[in-house]
Amino acid sequence: RPVGHHTGKGDAMLVKAGAWDDAALFQSGVKQTVLCRTHFPKTCALVERELPEVWTNNHAHVMVSRLHPKTEVYPHKGPTNAQLTMHLGVDTPPRAGMRVGGLTRRPGWRRGVVTMFDDSFTHEVWCGRGRARIVLLLRLWHPELPLEARRRILRRNEFGMS
């Protein structure tokens, strides 16, 4: 589905050109059973078994994110540094890149390699001609954030989610 369906509704407005879509495997602490069973059984089983701190976080996401060729996303930033964003490169064309803060990476991803960043910093992504860029995207608690701070954030709904 187009970006914004599983993430913040404003995300759809971030697409400057092209198309950006995603498939949520776990969202708000809930496994998307049909999608996991029919298309991503091994990935979902691995996440469920090895990363419970990710998929059980009711503000986290585990999704497959695809930037189509010739896509640019406007610079934007997330609402908090209480969580980090992790991308595992699945299909990583050389003309796809990212900029976080003042650091630009071209190519932005490598197949089988994790890229982690704090999305409370201004960031943008793009995909040039050729193939789509596909990553497994995970949002997880910042590892230095104590449990009591996590509880406080959830009580106050600091992520602005329902």
Side-chain angles (χ1 to χ4, degrees), residues 1 3-12 14 20-33 35-36 39-67 73-93 96-127 133-162:
R1 292 192 172 181
V3 74
H5 180 79
H6 301 115
T7 58
K9 299 299 179 201
D11 286 0
L14 297 174
W20 178 21
D21 50 39
D22 58 46
L25 306 180
F26 294 85
Q27 183 177 9
S28 302
V30 178
K31 179 180 179 179
Q32 304 305 306
T33 307
L35 184 62
C36 283
H39 296 289
F40 302 98
K42 291 180 182 178
T43 301
C44 292
L46 178 71
V47 169
E48 206 165 21
R49 184 177 65 247
E50 302 295 334
L51 299 169
E53 69 279 7
V54 173
W55 71 267
T56 58
N57 172 356
N58 63 346
H59 290 298
H61 296 288
V62 177
M63 62 181 66
V64 176
S65 173
R66 176 174 57 183
L67 275 180
V73 175
Y74 286 111
H76 60 287
K77 61 183 180 175
T80 179
N81 67 351
Q83 62 182 7
L84 297 176
T85 299
M86 183 168 73
H87 290 178
L88 173 63
V90 176
D91 194 353
T92 57
M98 74 163 35
R99 182 175 298 112
V100 179
L103 179 65
T104 301
R105 295 182 59 170
R106 286 188 192 119
W109 302 268
R110 291 191 341 220
R111 181 178 171 87
V113 175
V114 168
T115 300
M116 187 170 290
F117 62 99
D118 177 344
D119 87 342
S120 71
F121 288 90
T122 300
H123 59 285
E124 60 187 297
V125 294
W126 60 89
C127 185
R133 182 239 51 189
I134 301 172
V135 298
L136 180 65
L137 184 153
L138 301 99
R139 292 232 169 84
L140 58 148
W141 286 113
H142 194 294
E144 295 179 5
L145 190 67
L147 183 58
E148 187 49 43
R150 296 175 190 190
R151 288 183 182 132
R152 189 172 51 251
I153 287 167
L154 293 172
R155 280 193 302 270
R156 289 192 272 177
N157 194 25
E158 289 183 20
F159 293 135
M161 302 172 87
S162 51

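If you read the sequence from its start, that first residue is 1, and numbering goes on from there.
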> Roughly how far apart are W126 CH2 and L67 CG, rounded to 0.5 Å?
Replying inline: 10.5 Å
> Restricting to pairs with a member in residues 140-151, which pass salt bridge (Lys or Arg N to Asp or Glu O under 4.0 Å), not counting sequence neighbours?
Replying inline: E148-R151, E148-R155
> Is atom NZ of K77 surrounded by more than 12 heavy atoms (other residues, nucleotides or ligands) closer than 6.0 Å?
Replying inline: no
> Under a 4.5 Å cut-off applied to non-hydrogen side-chain atoms, are P93 and R133 in contact?
Replying inline: yes
> Would you say Q32 and Q27 make side-chain contact, with heavy atoms under 4.5 Å?
Replying inline: yes
>> Let me confirm one number: the CG-CE distance from L25 to M63, rounded to the nearest 0.5 Å.
In response: 8.5 Å
> Excluding sequence neighbours, so at least two apart, what forms side-chain hydrogen bond (donor to acceptor under 3.5 Å, both in side chains) with T122?
Replying inline: none
> Does the side chain of I153 come within less than 4.5 Å of W141's, by heavy atoms?
Replying inline: yes
>> Test side-chain contact (heavy atoms from CB on, under 4.5 Å) on H61 and D22; report intermediate values, then the result.
In response: CA-CA 11 Å; H61 296 288; D22 58 46; over 6 Å; no
> Nearest 0.5 Å, what's the CG-CD distance between L138 and Q83?
Replying inline: 11.0 Å
> Hey, are the side chains of M86 and L140 touching, using non-hydrogen atoms and a 4.5 Å cut-off?
Replying inline: yes
> Which of these passes side-chain contact (heavy atoms from CB on, under 4.5 Å) with I134: H87, R66, R111?
Replying inline: R66
